[in-house]
Amino acid sequence: MNVNTNYQNISDSYLFSTIAKKVNEFAENNPDKKIIRLGIGDVTLPLCKAVVEALKNASSEMGVKETFHGYGPEQGYEFLKSKVQAYYEDNGVNLDSDEIFISDGAKSDLGNILDLFAVDNTVMVPDPVYPVYVDTNTMAGRKIVYIDANADNNFLPLPEKSVKADIIYLCSPNNPTGAVYNKEQLKVWVDYANENHSVILFDAAYECFVTDENLPRSIYEIEGAKTCAIEFCSLSKMAGFTGTRCGYTVVPKGIEDGLLNKMWLRRQTTKFNGVPYIIQRGAEAVFTPVGQKEIQENLNYYKENAKLISEVLKKHNIWHIGGTHSPYIWLKCPDNMSSWEFFDYLLNNVQIVGTPGSGFGKNGEGYFRLTSFGSRENTLEAVKRLDDFLK
Ligand SMILES: *Cc1c(COP(=O)(O)O)cnc(C)c1O
């Protein structure tokens, strides 16, 4: 056999292992110092009550002959798909049920969708970026072109007429920067994609953090998107499903006269046997009025954390974006420090751990990501330390 040599081209990510190593070293040498982690990209609040109740009930059903469920539909049970459909409808977006595919999360689908596209397609990725887009395409051997997200464009790059690509990744609200495209900006992307016969892979994993009604939570709020965009969504950040696993992907029938929708159904029915019944019942509960109210409380908790961090940065004149419609705060390292210099500076002086922006791409150098996924207590303590130290 011959191995897929494309794997040799994936760059090793030392980001999180280097962070862990530095933090462990510091902890060993300073056992009396309490370290606060604001680098985490995982939620910390538990599943809401409505979800837990639904999971329990569904588990019980599985133990009774009459209500037991074996293989389900690969694309998801109708009871959940109709909830997702209604969720979009509330947002003014009408989707057919067979355009919605339930999955075990956005990350797998973002990788799996590439089955549908030829290897000789060129891929466009904004830098800095969620590493999954780059690595999955490198594994497949596709050519990647980068577009610059930087302070000049508020980390919201728009297409350059001279740069052509077949597959375009957009993530809004963005990880790592927290930046959110407005409708006019997304319209530019949609028009560009339709003109160039490109497909947009729109990662909406953080849509639930958008509260400004004028900002789009789905790319389908933009006219023309249903002929060029696939949208990926997840209950991970929305409802704390990072360990429970459930998401959904929308493949509109308007792209290529329904070809991509058909191919994705074929792909899923061939390679995927669906999300567990129990989990889909838990996911269903997220979309009930009680579930929505409960997850909103959790989202508000994170948002309040973000606000506290943002306020202290503002007070000390540290340039930053994000935090308003995102759990991420993206700041410019003060005194022209590099991302890693600032990492060490914070760890050594105030024992706060964040994520160096350079780990997300070359344009991340000199920037730093803090997250609001910590506890309120730790966030308040971190804010106080920053306030005292930055004086
Ligand atoms: C967390 C995250 C996801 C969600 O991934 P899941 O596999 O659904 O947990 C997707 N995209 C981005 C950018 C993320 O940060």
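What you see below is based on every heavy atom in this structure, not just the backbone, and it leaves out hydrogens, waters and symmetry mates. All ligand and atom numbering here is 1-based and tracks the order in the structure.
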Visitor: Kindly check if the number of other-residue, nucleotide or ligand heavy atoms within 6.0 Å of CG (N9) is above 12?
Guide: yes
Visitor: Do Y169 and N137 have side chains that approach each other closer than 4.5 Å (heavy atoms only, starting at C-beta)?
Guide: yes
Visitor: With the threshold set at 4.0 Å, does a side-chain nitrogen-carboxylate oxygen contact exist between K22 and E25?
Guide: no
Visitor: Check ligand 1 for close polar pairs with the protein: N or O on both sides, less than 3.5 Å.
Guide:
unit_1: ligand 1; atom_1: 7 (O); unit_2: A106; atom_2: N; d: 3.4
unit_1: ligand 1; atom_1: 7 (O); unit_2: K107; atom_2: N; d: 2.9
unit_1: ligand 1; atom_1: 7 (O); unit_2: R245; atom_2: NH2; d: 2.7
unit_1: ligand 1; atom_1: 8 (O); unit_2: A106; atom_2: N; d: 2.7
unit_1: ligand 1; atom_1: 8 (O); unit_2: S234; atom_2: OG; d: 2.6
unit_1: ligand 1; atom_1: 8 (O); unit_2: S236; atom_2: OG; d: 3.3
unit_1: ligand 1; atom_1: 9 (O); unit_2: S236; atom_2: OG; d: 2.6
unit_1: ligand 1; atom_1: 9 (O); unit_2: R245; atom_2: NH1; d: 2.9
unit_1: ligand 1; atom_1: 9 (O); unit_2: R245; atom_2: NH2; d: 3.4
unit_1: ligand 1; atom_1: 11 (N); unit_2: D203; atom_2: OD1; d: 3.4
unit_1: ligand 1; atom_1: 11 (N); unit_2: D203; atom_2: OD2; d: 2.7
unit_1: ligand 1; atom_1: 15 (O); unit_2: N175; atom_2: ND2; d: 2.8
unit_1: ligand 1; atom_1: 15 (O); unit_2: Y206; atom_2: OH; d: 2.5
unit_1: ligand 1; atom_1: 15 (O); unit_2: K237; atom_2: NZ; d: 3.3

Visitor: Does a salt bridge link E221 with K183, judged by any charged N lying under 4.0 Å from a carboxylate O?
Guide: yes
Visitor: Would you please test E297 and K293 for salt bridge (Lys or Arg N to Asp or Glu O under 4.0 Å) and show each step?
Guide: CA-CA 7 Å; E297 282 165 17; K293 184 178 156 282; 3.4 Å; yes
Visitor: Within 45 degrees of the axis of the six-membered ring of F79 and under 6.0 Å from its centre: does R281 put its NZ or CZ there?
Guide: yes
